[in-house]
S.K.: 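Have a look at this one before I ask anything.
Counting starts at 1 for both ligands and their atoms, in listed order. Just so it is clear, the values below take in all heavy atoms, side chains as well, and ignore hydrogens, waters and symmetry mates.
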Amino acid sequence: MAKFRIAWLPGDGIGVEVMDATRIVLDRLDFDAEYIHGDIGWDSWCREGDAFPARTIELLGNVDAALFGAITSKPAKTAEAELVPGLRGTGLLYRSPIVRMRQLFDLYTCLRPIKAYPGNPLNFRDGIDLVVFRENTEDLYAGVEFAPVPQRLAETLSALSKNFAPFAGLAPDEYAISCKINTRKGSERIVRAAFDFAQKFGRKKVTVVHKANVVRATDGMFLEIAKEVAKGYPGVQLDDANIDAMTMWLLKNPFNYDVLVAPNLYGDIISDLCAQMVGGLGFGYSGNIGEKLAVFEPTHGSAPKYAGQNKVNPIATILAAKMMLEWLGEASRARALEEATAAVIAQGRVRTYDMGGSATTREMAEAIAAGL
Ligand code: IPM
Ligand code: MG
């Protein structure tokens, strides 16, 4: 029996290719794993009306970790139109499987390392080395949304809101509500994860990204909790910044930052900005980490226009696999994989199109595998 059971979730579009490429390096590492395929994504939606079928959910309950490629998502009306005829008009609603997965398995930490590998022609600045901790289950992603707005909710809100109420007197379909819901528990555990990480890896500073001056209830609570938590980590400096200012300062002074922690949506936004500073879509990867399960993925989407062309950069997925190895305690394999990847980037002989080269997805993976 293999040492680890890994759910293998390629998804669709380029997800399939970057996962195939990643398998080349994992196999070269002699990583002792059994890979179990799980259906997820657009094909499952079109065929079954569920992008995240129950059998895949069950699989995730029985593995040590999962590696996930990419999936397509489309607006509700288009999604409905692409269902097999028998399922159309049955009231099925498309919801992002990745968001569902994070919530269902309580994968509350979204860990996104942002590292400028030397020699990457896409680096905004050399030497950038940041880590984003994004809360991964709540906030504006809670999924508590109303369009049209139910009468009872409208009445309650009108009665409760003392301030500006732009919705007062509007018909239910003239406005929509998406709730930003943050809990003390959810806020505290992500802040703690960021500080634990900083302490463990000798990082000097944790910056809380928020908008507490305006979004007082939720972000105000997040910031208060961060101040409390920080007291337990005297060796780590607490810093905070508004999300809008942060997007400017990060570009201006990327070396002023170290570990960033944010509620879900700001973390989503800031991590894309950060990823672009170290090479963009081909280099952004994440761990969705809970107490029992962790799912690792490149941050990019399924890029349907490149699907099947063996063209896109697999490094983000290969680095996601590296993080999976770390999380499973396979430290020396993880290190070897990161070093081999860094070496190929530094040598600059094998580069995919995004890096200005013409290497294929597979050639990039083979070059990395050759260095292992
Ligand atoms: C990400 C993505 C997802 C998100 C999408 C695909 C639902 O942008 O992982 O950052 O918003 O979390
Ligand atoms: Mg995102």
S.K.: Is K205 salt-bridged to D239, cutoff N-O under 4.0 Å?
M.R.: yes
S.K.: Thinking salt bridges, do R23 and D27 make one under a 4.0 Å N-O criterion?
M.R.: yes
S.K.: Among protein heavy atoms, which sits nearest to atom 3 (C) of ligand 1, and what does the distance come to when rounded to 0.1 Å?
M.R.: R102 NH1, 4.1 Å
S.K.: Where is the tightest heavy-atom contact between F222 and A262, given as atom of each residue plus distance?
M.R.: CZ-C, 3.8 Å
S.K.: Mind checking whether D272 contacts ligand 1 via backbone (N, CA, C, O), side chain (CB onward), both or neither, at a 4.0 Å heavy-atom cut-off?
M.R.: neither
S.K.: If you measure from atom 5 (C) of ligand 1 to every heavy atom of I98, T72, I71, which option wins on shortest distance?
M.R.: I98
S.K.: Between E188 and R184, is there a side-chain N and carboxylate O pair less than 4.0 Å apart?
M.R.: no
S.K.: Under 3.5 Å, N or O to N or O, is T299 touching ligand 1 that way?
M.R.: no
S.K.: Give a yes/no answer: is there an N/O/S atom of D268 under 2.8 Å from the Mg ion (ligand 2)?
M.R.: yes
S.K.: Below a 4.0 angstrom heavy-atom separation, can you tell me which part of R95, side chain or backbone, both or neither, approaches ligand 1?
M.R.: neither
S.K.: Does the side chain of N288 come within less than 4.5 Å of C110's, by heavy atoms?
M.R.: yes
S.K.: For H300, which part has a heavy atom under 4.0 Å from ligand 1: side chain, backbone, both, or neither?
M.R.: neither
S.K.: Check ligand 1 against S96 and write out every atom of the ligand that is under 4.0 Å from a heavy-atom position of the residue.
M.R.: 7 (C)
S.K.: Would D268 count as a polar contact of ligand 1, with the cut-off being nitrogen or oxygen pairs under 3.5 Å?
M.R.: yes
S.K.: Any heavy-atom pair between the side chains of L157 and F167 that's under 4.5 Å?
M.R.: yes
S.K.: Under 6.0 Å from the six-membered ring centre of Y306 and within 45° of its axis: does the NZ or CZ of K311 meet both?
M.R.: no
S.K.: Applying a strict 4.0 Å limit to heavy atoms, is R112 in contact with ligand 1?
M.R.: yes
S.K.: Within ligand 1, which atoms have a heavy atom of V99 less than 4.0 Å away?
M.R.: 7 (C)
S.K.: So does D50 pair up with R100, basic N to acidic O under 4.0 Å?
M.R.: yes
S.K.: Just to confirm my output: which protein heavy-atom neighbour is closest to atom 11 (O) of ligand 1, and how far is it?
M.R.: Y141 OH, 2.6 Å
S.K.: Roughly how far, to the nearest 0.5 Å, is the CD1 atom of I315 from the OG1 atom of T352?
M.R.: 6.0 Å
S.K.: Looking only at distances, can you tell me whether any N or O atom of E297, backbone or side chain, sits closer than 3.5 Å to an N or O atom of ligand 1?
M.R.: no
